[in-house]
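Since the structure comes first, as C-alpha cells, the remarks are kept for the end.
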Amino acid sequence: MTATEPTLRPAELLLLEEIACALAREAGDLIVTERPEQLGVAATKSAQTDIVTVMDRRSEELLRSRLESARPGDGLLGEEGASRPSQTGITWVVDPIDGTVNYLYDLPAYAVSVAACVGDVHTPGQWRTVAGAVMNPVTDELFHARSEGGAFLQHRGRSHRLHVTAQDDLALSLVATGFGYDVGKRRQQAAVVVDLIPQVRDIRRAGSAAIDLCSVAAGRLDGYYESGLNPWDLAAGWLVVTEAGGVVQGAGGAAPSAELVVAGGAAVTAALAPLVDR
Ligand code: LIP
C-alpha cells in the first residue's frame, strides 16, 4: 500500500536531500574503512557473476537502521532485500554499493546511492525521485540534488553546480553504457554497441549506473544508456541529471525503467534513443 503523493515544501525537500547526503557519506565511509583485506563473494543472485559481498549487506543494514530512526513512517526499497511500505508517501530507494563487481576487484568506480522517492516505486512510470545523493567514497565525490534545487558535486570541501554538456552532435559524443548479468541479454546489448560505436566519439563502460548518470550531470559524458537496470541503480542519478539540465527517459520516450534508460543533454538523448531503443 502506498500513500498518495505528498505535497513537499522546499524545507522538506532540503531536509530529505541533507539526509540522503549524510547517509550516502556515512555508508561510503563504511565500505572503504571496513573493507576486509580478503574480500570475497558472500552470495550470488541472478547469475554466478551477479554477486553480493558482506559489505553490500552491512551498508544496506546501516542505511535501513538510520532511516528507520530518522524517518520511521517512510518506506524503503533496497537492492539487498530491505523493504518497508510507506505511510508518508515517501519511499527511500537505496543501492548500498552500486558497482559491486568493481568493489570486489577494488576498482575505484563504485558508489552508495540514496534516493527519496514519491509514488509507487515497484511500478515503472509510477514514481519519481524528489531528493537524492550518490557518494563515490574513493574519489570523495558526493553528487546530490533535490527537486527544483539544482544538482551539485561536493569534493574536497568545495561545492560545484553541475550542468550537462551542450553537445548536439552524436558523432562527437562520448557515450557510456553497461551490460547485464544474463548471457543472452549481454549478447543483445553487445549487438547494440556494434551498431552504435561507428556513430559516436567513443564508448565508456564504468560499471556503475549511478556513477555513469552523475558523470552525465557533471559533463564528463555526453550521454548514457542501459537496459536491465533496477530502481536502486538509477533513482538518485536520475534526479541529478535532470537537475543539471539533462533529460532521462525510457523506452519509447516513457519514464526510465528496467526496459531502458537513456540520459544526456536534450539533443544527444534525442539522437541516441532511437539507436538503442530495441
Ligand atoms: C550494476 C549497475 C551497472 C550494470 C551492472 C550492475 P550493481 O549494479 O550499476 O550499470 O552495468 O551490470 O547492474 O549490481 O553493481 O548494483
Side-chain angles (χ1 to χ4, degrees), residues 24 27-28 31-32 35 39-61 63 77-82 92-115 121 129 132-139 141 143 175-193 196 203-217 220-221 223-238 240-241 248 250 256-264 272 276:
I31 63 175
V32 167
R35 185 183 195 277
L39 179 71
V41 173
T44 60
K45 298 188 282 188
S46 64
Q48 62 168 353
T49 52
D50 183 4
I51 60 151
V52 183
T53 73
V54 62
M55 296 308 292
D56 292 82
R57 292 174 175 161
R58 287 191 57 194
S59 174
E60 184 154 303
E61 177 48 27
L63 295 170
L77 174 64
E79 175 168 10
E80 306 314 336
W92 294 85
V93 177
V94 302
D95 194 331
I97 305 181
D98 187 50
T100 300
V101 172
N102 287 347
Y103 183 73
L104 179 70
Y105 283 80
D106 210 11
L107 260 175
Y110 51 83
V112 177
S113 177
V114 179
V121 295
T129 304
V134 173
M135 180 70 190
N136 180 334
V138 181
T139 60
E141 292 181 313
F143 301 87
V175 172
T177 191
F179 306 94
Y181 295 107
D182 172 76
V183 172
K185 177 80 179 171
R186 295 170 69 79
R187 199 169 282 118
Q188 283 169 8
Q189 291 169 317
V192 173
V193 171
L196 182 67
I203 298 274
R204 293 290 180 268
R205 198 298 193 239
S208 160
I211 290 179
D212 283 330
L213 287 163
C214 291
S215 297
V216 168
R220 296 172 183 176
L221 293 168
Y224 162 70
Y225 75 94
E226 188 160 355
S227 56
L229 293 178
N230 295 290
W232 44 78
D233 297 315
L234 67 108
W238 173 8
V240 175
V241 171
V248 181
S257 71
E259 198 178 346
L260 185 67
V261 173
V262 187
L272 186 57
V276 300

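We count ligands from 1, going down the list as the structure has it; atoms in each ligand are counted the same way.
For atom 13 (O) of ligand 1, the nearest non-hydrogen atom from the set Y110, Y181, Y103, F179 comes from Y181.
Per-residue contacts place I97 under 4.0 angstrom from the following atoms of ligand 1 (heavy atoms of the residue considered): 16 (O). Atoms of ligand 1 found under 4.0 Å from any heavy atom of G178, numbered from 1 in the order shown, are 11 (O). Ligand 1 places these atoms under 4.0 Å from at least one heavy atom of D95: 16 (O). Close contacts of ligand 1 with A209, meaning ligand atoms under 4.0 Å from a residue heavy atom, involve 2 (C), 3 (C), 9 (O), 10 (O). In the vicinity of S208, heavy-atom distances shorter than 4.0 Å reach the ligand 1 atoms 9 (O), 10 (O). Residue R205 approaches ligand 1 through these ligand atoms, each under 4.0 Å from one of its heavy atoms: 4 (C), 11 (O), 12 (O).
Polar contact check, T100 against ligand 1: a nitrogen or oxygen pair lies under 3.5 Å apart. When only interatomic distances are considered, the shortest N/O to N/O separation between G99 and ligand 1 falls below 3.5 Å.
Counting only heavy atoms of the protein, atom 8 (O) of ligand 1 lies nearest to D98 OD1, 3.1 Å. E79 OE1, 3.0 Å is the protein heavy atom nearest to atom 16 (O) of ligand 1. Closest protein heavy atom to atom 10 (O) of ligand 1: E226 OE1, 2.9 Å.
For W232, there are no ring-ring contact (aromatic ring centres under 6.0 Å, His included) partners, not counting sequence neighbours.
Look at E80 and R58 and you find no salt bridge, because none of the NZ, NE, NH1 or NH2 atoms lies under 4.0 Å from a carboxylate O.
Tested against S227 for a side chain to side chain donor-acceptor pair (under 3.5 Å), the candidates E259, K185, Q188 yield a single pass: K185.
R35 places no side-chain N or O within 3.5 Å of a backbone atom of M55 that could act as its donor or acceptor partner. Under the 3.5 Å distance criterion, the side-chain polar atoms of T44 are left unmatched by any main-chain donor or acceptor of D50. At least one donor-acceptor pair under 3.5 Å links the side chain of T129 to the backbone N or O of A235.
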Derivation and outcome, side-chain contact (heavy atoms from CB on, under 4.5 Å), residues V134 and D98: CA-CA 9 Å; V134 173; D98 187 50; over 6 Å; no

Derivation of the side chain to side chain donor-acceptor pair (under 3.5 Å) call for T53 and D56: CA-CA 5 Å; T53 73; D56 292 82; 2.6 Å; yes

